[in-house]
Amino acid sequence: MALLEASGIGKNFGDTKVLKDISLTLEQGEALAIIGSSGSGKTTLLRCLNFLERPDTGCIRVNGETMWDAADPATQRESEIRKKRLHFGLVFQDFNLFPQYDVLQNLTLAPSLLKMGTKEELEVGAKEIIKKVGLEDRINHYPCQLSGGQKQRVAIARALMLKPDILCFDEPTSALDPELTGEVLKVIKSLKTGNSTMIVVTHEMDFAKNVSDKVIFMADGVIEEYGEPKQLFENPKSDKLKAFLNNALDV
């Protein structure tokens, strides 16, 4: 049984159909990269999968449990949706750290509010994760004292604190200077070896090609191609994917 199953996902904004009948599966420990041009629906798909947007059609299951069914209002209550979001760890383009808290506090705030452990237990867990992302010497620093790459590593560590089933990254390096991109991608790659399950919306073709287990190429709100990286990058079938790769790999 797949960890994540999505079927028939559709999303409209007014008269604009942004997602059209999207279906996919994700197994435990897999990394899925979602690539495509701006406006193709990548971020909207990610936001629908973790309920930051509510799909207009379709069904989403995690570990066999129905998280969302557009035809069943019982799955759409806000109190239930808040709980279901905990299955997903979210890492955004612009970090979204709390500026008034230091690194340690940024990691322990949410699990403390959710009563996931004592203050001492949470701090021990946070310190382990902070070490994992290579920021133990920044543990008492505030976001304003960190570089962009360091902020994004804190954001990744904060997502890990909630022990999500699936980690979701929305263009995690797009707000970074090129020299800082590598340090963030290195952390994401290390999570892959740790058997984390990940969905990564990315414009980093090397990551999509060499780290992910599956790649989705989106165009005009549909999945144009879906398969293993070798297949998509070395033998693309769609003219749209061929054109996209020619442009992306020439940059």
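Sequence positions, counted from 1, serve as the residue numbers for this chain.
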Looking at [atom1] of [X] and [atom2] of [Y], how far apart are the two atoms once the value is rounded to the nearest 0.5 Å?
X    : Y    : atom1 : atom2 : result
R153 : S147 : CZ    : OG    : 6.5 Å
I199 : S212 : CD1   : OG    : 12.5 Å
Q152 : L185 : CD    : CG    : 10.0 Å
L45  : I216 : CG    : CD1   : 6.5 Å
M198 : D213 : CE    : CG    : 8.5 Å
L114 : M161 : CG    : CE    : 10.5 Å

Side chain to side chain, [X] and [Y], heavy atoms closer than 4.5 Å:
X    : Y    : answer
V201 : I35  : no
L52  : F92  : yes
C48  : L19  : yes
M116 : E121 : no
L109 : L113 : yes
L3   : N63  : yes
W68  : Q76  : yes
L191 : I156 : yes

[X]: what forms a side chain to side chain donor-acceptor pair (under 3.5 Å) with it, not counting sequence neighbours?
X    : result
K230 : E234
E123 : K119
D94  : none
E224 : S238

Problem - ring pair (Phe, Tyr, Trp, His ring centres under 6.0 Å) involving F95 - partner list, sequence neighbours excluded - result: none
Just distance, no hydrogens or angles: give the donor-acceptor pairs under 3.5 Å from side chains in residues 166-177, sequence neighbours left out.
{"unit_1": "D170", "atom_1": "OD1", "unit_2": "T43", "atom_2": "OG1", "d": "2.9"}
{"unit_1": "E171", "atom_1": "OE1", "unit_2": "H203", "atom_2": "N", "d": "3.2"}
{"unit_1": "E171", "atom_1": "OE1", "unit_2": "H203", "atom_2": "ND1", "d": "2.7"}
{"unit_1": "T173", "atom_1": "OG1", "unit_2": "E204", "atom_2": "OE2", "d": "3.4"}
{"unit_1": "S174", "atom_1": "OG", "unit_2": "Q93", "atom_2": "OE1", "d": "3.3"}
{"unit_1": "S174", "atom_1": "OG", "unit_2": "E171", "atom_2": "O", "d": "3.2"}

Practice task
For atom OH of Y101, decide whether the heavy atoms of other residues, nucleotides or ligands shown that lie under 6.0 angstrom number more than 12.
Solution key: no
Fill in the blank from the handout: In N96, L146, L180, N106, the residue satisfying side-chain contact (heavy atoms from CB on, under 4.5 Å) with K151 is L146
Problem - Qualifying side chain to side chain donor-acceptor pair (under 3.5 Å) pairs with a residue from residues 19-36, counting only residues at least two apart or across chains - result: Q28-T197
Tabulate below the donor-acceptor pairs under 3.5 Å that side-chain atoms of residues 134-144 make, not counting sequence neighbours, or state none.
none

Handout entry: Verdict with supporting geometry, E228 and K209, salt bridge (charged side-chain N to carboxylate O under 4.0 Å, His left out)
Key = CA-CA 9 Å; E228 295 182 357; K209 184 176 182 179; over 6 Å; no
Exercise for the section: With sequence neighbours excluded, give me every salt bridge (charged side-chain N to carboxylate O under 4.0 Å, His left out) pair touching residues 33-48. Expected result: R47-E53
Handout entry: Check: Q231 main-chain N/O paired with N235 side-chain donor or acceptor under 3.5 Å
Key = no
Practice task
For the pair K192 (side chain) and V211 (backbone), establish whether a donor and an acceptor sit closer than 3.5 Å, ignoring hydrogens and angles.
Solution key: no
Exercise for the section: May I have all residue pairs that pass ring-ring contact (aromatic ring centres under 6.0 Å, His included) and include part of residues 111-131, sequence neighbours excluded? Expected result: none
Completion exercise
Residues pairing under ring-ring contact (aromatic ring centres under 6.0 Å, His included) where one sits in residues 216-239, two or more places apart or in two chains, turn out to be F217-F244
Which atom pairs, one a donor and one an acceptor, fall under 3.5 Å between side chains of residues 81-89 and the rest of the protein, sequence neighbours left out?
{"unit_1": "K84", "atom_1": "NZ", "unit_2": "M67", "atom_2": "O", "d": "2.8"}
{"unit_1": "K84", "atom_1": "NZ", "unit_2": "T75", "atom_2": "O", "d": "3.3"}
{"unit_1": "R85", "atom_1": "NE", "unit_2": "F51", "atom_2": "O", "d": "3.3"}
{"unit_1": "R85", "atom_1": "NH2", "unit_2": "F51", "atom_2": "O", "d": "3.0"}
{"unit_1": "H87", "atom_1": "ND1", "unit_2": "D165", "atom_2": "OD2", "d": "2.6"}

